[in-house]
Q: 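Attaching a single structure in structure tokens format; questions to follow.
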Amino acid sequence: DLAKNMLKDFKKKLDTEELQSLRTSGLSIVSSYNNIITWRHKFAHEGNLPTTVTYLEAIASYNSGKEVLRCLYETMRY
């Protein structure tokens, strides 16, 4: 089944990139992506800015979290 194969490929790519990012920068790309989504949701739907994160941390999470989308893109471009 194509969907199952793509999901398997995505998870493999994501796991590989997650481990590499943790080793090289100490940042989790999965946590970074989740943080960006959570912060965006709170801002868009509640009008609240995150108060526990600095601007530089938000930028680092944004740049790191983009790797999740890159993994998805690479998986879907068969």
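Here the structure is a predicted model, which means the values were calculated and not measured. We count residues from 1, following the sequence as given.
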Q: Could you state the interatomic distance from CG (N5) to OG1 (T75), rounded to the nearest 0.5 Å?
A: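 Going from the CG atom of N5 to the OG1 atom of T75 covers 11.5 Å.
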Q: Is a side-chain N or O of S61 found less than 3.5 angstrom from the main chain of E57, in a donor-acceptor match?
A: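 Pair found, side chain donor or acceptor close to backbone of E57.
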Q: Following the transitive rule for hydrophobic clusters with a side-chain heavy-atom cut-off under 4.5 Å over Ile, Leu, Val, Met, Phe, Trp and Tyr, establish whether V68 and L72 coincide in one cluster.
A: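 In one cluster with V68: L72, yes.
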Q: Within a radius of less than 6.0 Å around NZ of K11, do more than 12 heavy atoms belonging to other residues, nucleotides or ligands occur?
A: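 Result for NZ/K11: open.
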Q: Could you tell me the separation between the CG atom of D9 and the SG atom of C71, rounded to the nearest 0.5 Å?
A: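 If I round to the nearest 0.5 Å, the distance is 11.5 Å.
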Q: Is any side-chain heavy atom of I29 less than 4.5 Å from a side-chain heavy atom of L14?
A: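 They are in contact (side-chain heavy atoms under 4.5 Å apart), so the answer is yes.
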Q: Mark yes when over 12 heavy atoms from residues, nucleotides or ligands other than R40 sit less than 6.0 Å from its CZ; otherwise mark no.
A: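 Open.
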Q: Is there a path of hydrophobic side-chain contacts, each under 4.5 Å between heavy atoms of I/L/V/M/F/W/Y residues, joining Y33 to I36?
A: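 They do not share one cluster, since no chain of ILVMFWY contacts under 4.5 Å joins I36 to Y33.
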Q: Main chain of F43, side chain of E46: is a donor-acceptor contact present, judged purely on distance under 3.5 Å?
A: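 Not at all, since once roles are kept as given, no pair shorter than 3.5 Å links the two residues.
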Q: Do E18 and S28 have side chains that get closer than 4.5 Å, going by heavy atoms?
A: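 Yes; the side chains approach each other to less than 4.5 Å.
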Q: Between S25 (side chain only) and S21 (backbone N and O only), is there a donor and an acceptor less than 3.5 Å apart?
A: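 Side chain of S25 to backbone of S21, a donor-acceptor pair under 3.5 Å: yes, one is there.
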Q: Are L27 and I59 connected into the same hydrophobic cluster when the rule is that any two of I, L, V, M, F, W, Y join if their side-chain heavy atoms are below 4.5 Å apart?
A: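 Different clusters: I59 never reaches L27 through Ile, Leu, Val, Met, Phe, Trp or Tyr contacts under 4.5 Å.
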Q: Nearest 0.5 Å, what's the CG-CH2 distance between L49 and W39?
A: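 That separation rounds to 11.5 Å.
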Q: Should K13 and E17 count as an ion pair when the cut-off is N to O under 4.0 Å?
A: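 Not counted as a salt bridge, because no side-chain N and carboxylate O are separated by less than 4.0 Å.
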Q: Quick check: do S32 and Y62 have side-chain heavy atoms less than 4.5 Å from each other?
A: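 They are not in side-chain contact.
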